[in-house]
K.L.:
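Just passing along the structure, written as C-alpha cells.
On a predicted model such as this, the values are computed, not experimentally measured, just so you know. The first residue of the sequence shown is numbered 1, and numbering continues consecutively from there.
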Amino acid sequence: MTSNDLDNSATTGAGDSRRTGRASSHGKTILIGEHAVVYGAPALVLPVLDARVVATVTPVDAGAGHHLESTVHTGPLDLAPAAVMPTVTAVTATLRHFGVTDKHFHVRVDSEVPTARGMGSSAAVAAAVTAAVADALGETLDAETHHELIQECERVAHGHPSGLDARGVVADAPVWFEGGHIEPVELGARFTFVVADTGVPGHTREAVAAVRDRHDQDPAGIDDVIDRIGALARRARGTLVDGDAQALGATMDAAHELLAALDVSSDDLDRLVDAARAADALGAKLTGGGRGGCVLALATDARAADRIAAALRGAGAAATWTTTIGDRA
C-alpha cells in the first residue's frame, strides 16, 4: 500500500508554507500465471513489501524548473533521458490532474526495486512519485485516480500495460487478476517468500513473442499448457485462502515445469530454482516474463527464508528479498 509521511515544517516566509511530500510503494512479482495471463487466464500477483521505493518531493522557487535526483538520472526534468520519461510523466500528469501549473519540485527517488526484473520497477516509481507530488500539494489520490495516473506512466514505459503491475505495487496482499479486473485474496495463514535476482535482465517481450510463435504453430498444444497454468493459479488461490503452504509450494513447482515447457526459463533461472529446492524451499519457480529476471521461493518461516536466501546468493543470485504476507506481527 502506498504510504505518505508528511513534513510541512519548511517555510520561505510568513504565510508561505512549503510542504514536502513523501510517499512509498513496493515491488511486485507474479505468484502464478505469467504468460498465461496474456491469453486471458488468471494470475496471482504478489506484493514484494520489502523492496521499497520512496519518493520525496520538495518545492523549489517558482521558475526553477523541476529537478530529478535518482540513480538513473540527476538533473533537470526537461533534460531527462528516455529511461526516466515515466517518472517525468508521474510529475506532470499529477500536476495536470490537480490543475497546477505554477509549482516546481525537486523530486528524489530512492528505489530498491531493480529494473528489467519483472518486479514492477517503473510502476512502483510511478506510484510513489504521483502520491508524493499530490502530498506536496496537500492533496490525496483516491485508489482509482492513483491507478489511472500510474497507468499513464506505464503507457509511456510499456505501450499497452495490462494494469497488473499498477495494481500489484500498491497492494499489501496478493491480488487476483483476471480479464482486467482485480480482487484481493484472503489469506488463511502467514506466508514467507524469497525473491532472488539472477542478475540477468528479463526478456519479457522476446519471451512473449516466442510463446506466441509457438501458439501460432501449435495452438492446441500451447492452449493446453495455458489452461493448465490457469488451473494452477486457481489452485494456488485456494491454498492461500486455506493457509496450506505445502500445497502452494507444490503448485509453484508445477508452474515452473509448465513455464519451462513454454521455453521461457533459462539456465540461470533453473539453477536458482534448484538451489532453493535443495535448501528446503516448499516450492520455487521463475517469476515474470522469464529468460532472465527473478525466481520466487516459498519458505516455511523467516528462519528458513534466511537459509534459502543464503543458498540462492551462494548459487549466484545478485540480490535477494524476503517478504511476508498475512500476519506480519
K.L.:
Is any side-chain heavy atom of Leu262 closer than 4.5 Å to one of Leu258?
P.N.:
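Leu258 does not reach Leu262 side chain to side chain.
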K.L.:
Any sub-3.5 Å donor-acceptor pair from Ser111's side-chain atoms to Val53's backbone N or O?
P.N.:
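Checked: no pair found.
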K.L.:
Any side-chain heavy atom of Pro86 within less than 4.5 Å of one from Val125?
P.N.:
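No, side chains not in contact.
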K.L.:
Under the 3.5 angstrom rule, does the side chain of His146 hit a backbone N or O of Ala127 as a donor-acceptor pair?
P.N.:
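Looks like yes, one N/O pair under 3.5 Å.
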K.L.:
Please tell me if the side chains of Val54 and Arg22 come closer than 4.5 Å, counting only heavy atoms from C-beta onward.
P.N.:
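When only atoms from C-beta onward are counted, Arg22 and Val54 do not touch, as no gap falls below 4.5 Å.
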K.L.:
Can you list every pair that meets ring pair (Phe, Tyr, Trp, His ring centres under 6.0 Å) and has a residue in residues 121-141, with sequence neighbours left out?
P.N.:
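For residues 121-141, and leaving out neighbouring residues, there are no ring pair (Phe, Tyr, Trp, His ring centres under 6.0 Å) pairs at all.
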K.L.:
Is there a path of hydrophobic side-chain contacts, each under 4.5 Å between heavy atoms of I, L, V, M, F, W or Y residues, that connects Leu298 with Leu187?
P.N.:
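Yes, Leu298 connects to Leu187 through the hydrophobic network.
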K.L.:
Within the structure provided, determine whether Leu164 and Ile30 are in side-chain contact (heavy-atom separation under 4.5 Å).
P.N.:
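The answer is yes, as the side chains (C-beta and beyond) meet within the 4.5 Å cut-off.
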K.L.:
Roughly how far, to the nearest 0.5 Å, is the CG atom of Leu46 from the CD1 atom of Ile32?
P.N.:
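Output value for this atom pair is 10.5 Å.
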K.L.:
To the nearest 0.5 Å, what is the distance between NE2 on His26 and CG on Asp50?
P.N.:
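That separation rounds to 10.0 Å.
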K.L.:
From His97 NE2 over to Thr145 OG1, what is the distance, rounded to the nearest 0.5 angstrom?
P.N.:
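Nearest 0.5 Å value for the NE2-OG1 distance: 5.0 Å.
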K.L.:
Go through the side-chain N and O atoms of Thr324 and Arg190 and say whether any donor and acceptor fall under 3.5 Å apart.
P.N.:
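Checked: Thr324/Arg190 side chains show no N/O donor-acceptor pair below 3.5 Å.
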K.L.:
Can you list every pair that meets salt bridge (charged side-chain N to carboxylate O under 4.0 Å, His left out) and has a residue in residues 274-300, with sequence neighbours left out?
P.N.:
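Listed once each, the pairs are Glu34-Lys285, Glu206-Arg291, Asp253-Arg277, Glu257-Arg277, Asp263-Arg291.
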K.L.:
Under a 4.0 Å threshold between the charged nitrogen and the carboxylate oxygen, would Glu178 count as salt-bridged to Arg237?
P.N.:
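The answer is no: the pair does not qualify as a salt bridge.
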K.L.:
State the NZ-CG distance between Lys28 and Leu49, to the nearest 0.5 angstrom.
P.N.:
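Reported to 0.5 Å precision, the distance equals 13.5 Å.
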K.L.:
Taking 4.0 angstrom as the limit, do Arg271 and Asp267 come out as a salt bridge?
P.N.:
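Looking at Asp267 together with Arg271, the answer is no, because their closest N to O distance does not fall below 4.0 Å.
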K.L.:
Can you list the residues that meet the ring-ring contact (aromatic ring centres under 6.0 Å, His included) rule with His215, with sequence neighbours excluded?
P.N.:
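Listed in chain order: Tyr39.
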K.L.:
Counting only heavy atoms not in Arg108, do more than 12 sit closer than 6.0 Å to its CZ atom?
P.N.:
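Check fails, neighbour count at 12 or below.
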K.L.:
More than 12 foreign heavy atoms under 6.0 Å from CD of Glu69: is that the case here?
P.N.:
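Count over threshold, so yes.
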K.L.:
Looking only at non-hydrogen atoms, find the nearest pair between Leu248 and Ala236 and report the distance.
P.N.:
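Of all heavy-atom pairs spanning Leu248 and Ala236, the closest is CD1-CB, 3.8 Å.
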K.L.:
Ser122 and His158: side-chain donor and acceptor closer than 3.5 Å?
P.N.:
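Judged by distance alone, the side chains do pair up.
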K.L.:
Is there a continuous path of hydrophobic side-chain contacts, each under 4.5 Å between heavy atoms, that joins Ile226 to Val38?
P.N.:
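Linked within one cluster.
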K.L.:
Evaluate side-chain contact (heavy atoms from CB on, under 4.5 Å) for Leu272 paired with Thr198, printing each intermediate quantity in order.
P.N.:
CA-CA 8 Å; Leu272 293 188; Thr198 62; 3.7 Å; yes
K.L.:
For the side chain of Thr94 and the backbone of Ala134, is there at least one donor-acceptor N/O pair under 3.5 Å apart?
P.N.:
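Between the backbone of Ala134 and the side chain of Thr94 there is no qualifying donor-acceptor contact (under 3.5 Å).
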K.L.:
Under the rule for side chain to side chain contact (heavy atoms under 4.5 Å, CB included), what residues qualify as partners of Ala231, not counting sequence neighbours?
P.N.:
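Partners of Ala231 by the side chain to side chain contact (heavy atoms under 4.5 Å, CB included) criterion come out as none, since no residue qualifies.
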K.L.:
side-chain contact (heavy atoms from CB on, under 4.5 Å), that's the test. Do Met119 and Val48 meet it? Break it down for me.
P.N.:
CA-CA 8 Å; Met119 291 181 67; Val48 183; 4.1 Å; yes
K.L.:
Rounded to the nearest 0.5 Å, what separates atom CG in Asp110 from atom OG1 in Thr56?
P.N.:
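Interatomic distance, Asp110 CG to Thr56 OG1, rounded to 0.5 Å: 6.5 Å.
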K.L.:
Restricting to ring-ring contact (aromatic ring centres under 6.0 Å, His included), what partner residues turn up for His147, sequence neighbours left out?
P.N.:
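If we apply the ring-ring contact (aromatic ring centres under 6.0 Å, His included) test to His147, skipping adjacent residues, there are no hits.
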K.L.:
Would you mind listing every salt bridge (charged side-chain N to carboxylate O under 4.0 Å, His left out) that reaches into residues 114-133, with sequence neighbours excluded?
P.N.:
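For residues 114-133, and leaving out neighbouring residues, the salt bridge (charged side-chain N to carboxylate O under 4.0 Å, His left out) pairs sorted by first residue read Arg117-Asp197.
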K.L.:
Restricting to pairs with a member in residues 167-201, which pass ring pair (Phe, Tyr, Trp, His ring centres under 6.0 Å), not counting sequence neighbours?
P.N.:
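Residue pairs passing ring pair (Phe, Tyr, Trp, His ring centres under 6.0 Å), neighbours aside: none found.
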K.L.:
Check for a donor-acceptor pair, side chain of Asp61 on one end and backbone N or O of Ala64 on the other, with a separation under 3.5 Å.
P.N.:
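No; judged by distance alone, with no hydrogens or angles, the pair does not exist.
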K.L.:
With sequence neighbours excluded, give me every ring pair (Phe, Tyr, Trp, His ring centres under 6.0 Å) pair touching residues 261-309.
P.N.:
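Output for this query is empty, none listed.
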K.L.:
Group every Ile, Leu, Val, Met, Phe, Trp and Tyr by side-chain heavy-atom contacts under 4.5 Å, then state whether Val84 and Val156 land in the same group.
P.N.:
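Yes, it is one cluster - the side chains of Val84 and Val156 are joined through contacts under 4.5 Å.
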K.L.:
Could you list the residues that satisfy ring-ring contact (aromatic ring centres under 6.0 Å, His included) with His106, not counting sequence neighbours?
P.N.:
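His106 satisfies ring-ring contact (aromatic ring centres under 6.0 Å, His included) with His67 once adjacent residues are dropped.
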K.L.:
Test of understanding: with side chain to side chain contact (heavy atoms under 4.5 Å, CB included), list the residues that count as partners of Thr322, not counting sequence neighbours.
P.N.:
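Scan of Thr322 (side chain to side chain contact (heavy atoms under 4.5 Å, CB included), adjacent residues dropped) gives Thr192, Val194, Ala305.
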K.L.:
Are any of the side-chain heavy atoms of Val72 and Thr115 separated by less than 4.5 Å?
P.N.:
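In short, these two side chains do not touch, never coming nearer than 4.5 Å.
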K.L.:
Has the side chain of Ser25 got a donor or acceptor atom that lies under 3.5 Å from a matching backbone atom of Ala124?
P.N.:
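Side chain of Ser25 to backbone of Ala124: a pair is present.
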K.L.:
Counting distance only, does the side-chain N/O of Thr130 pair as donor-acceptor with the main-chain N or O of Ala126 below 3.5 Å?
P.N.:
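Yes, because the side chain of Thr130 sits within donor-acceptor range (under 3.5 Å) of the backbone of Ala126.
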K.L.:
Which atom names give the shortest non-hydrogen contact between Ile308 and Ala299, and what distance separates them?
P.N.:
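Result for this residue pair: CD1-CB, 3.7 Å.
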K.L.:
Per the salt bridge (charged side-chain N to carboxylate O under 4.0 Å, His left out) rule, what does the pair list look like for residues 211-220, sequence neighbours excluded?
P.N.:
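Listed by first then second residue: nothing to list.
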K.L.:
Quick one: pull up CE in Met85 and CG in Leu77 and give me the separation to the nearest 0.5 Å.
P.N.:
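The distance works out to 8.5 Å.
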K.L.:
Hey, does Leu286 have a side-chain heavy atom less than 4.5 Å from the side chain of His256?
P.N.:
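Sidechains of Leu286 and His256: in contact.
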K.L.:
Just so I know, are the side chains of Val211 and Val264 near enough to count as touching, which here means a heavy-atom distance under 4.5 Å?
P.N.:
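Side chain of Val211 against side chain of Val264, heavy atoms only: contact under 4.5 Å found.
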K.L.:
So Phe105 and His66, would you call those rings parallel, tilted or perpendicular, with 30° and 60° as cut-offs?
P.N.:
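Geometry flag for His66 against Phe105: parallel rings.
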K.L.:
Would you please test Leu31 and Leu240 for side-chain contact (heavy atoms from CB on, under 4.5 Å) and show each step?
P.N.:
CA-CA 11 Å; Leu31 178 53; Leu240 290 172; 4.0 Å; yes
K.L.:
Where is the tightest heavy-atom contact between Val170 and Ala166, given as atom of each residue plus distance?
P.N.:
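Residues Val170 and Ala166, closest heavy atoms: CG2-O, 3.6 Å.
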K.L.:
Would you mind reporting whether Val57 and Asp135 have side-chain heavy atoms less than 4.5 Å apart?
P.N.:
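No, side chains not in contact.
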K.L.:
Looking at every non-hydrogen atom in both residues, tell me the closest pair between Gly243 and Ala189 and how far apart they are.
P.N.:
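Looking at all heavy atoms of both residues, the closest pair is CA-CB, 3.7 Å.
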K.L.:
Return each pair, listed once, that meets salt bridge (charged side-chain N to carboxylate O under 4.0 Å, His left out) where at least one residue sits in residues 314-323; pairs must be two or more places apart or across chains.
P.N.:
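Non-adjacent pairs meeting salt bridge (charged side-chain N to carboxylate O under 4.0 Å, His left out): zero.
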K.L.:
What heavy-atom pair brings Pro42 and Ala233 nearest, and what distance separates the two atoms?
P.N.:
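Looks like O-CB, 3.8 Å.
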K.L.:
Is the backbone N or O of Arg52 less than 3.5 Å from a side-chain atom of Glu112, with the two atoms forming a donor-acceptor pair by type?
P.N.:
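Yes; judged by distance alone, with no hydrogens or angles, the pair exists.
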K.L.:
For a quick test of reading the model, state the closest non-hydrogen atom pair linking Phe98 to Leu137 and the distance between them.
P.N.:
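Result for this residue pair: CD1-CD1, 3.8 Å.
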K.L.:
Is there a side-chain contact (heavy atoms from CB on, under 4.5 Å) between Val45 and Arg167? Walk through the geometry before answering.
P.N.:
CA-CA 9 Å; Val45 185; Arg167 298 295 189 184; over 6 Å; no
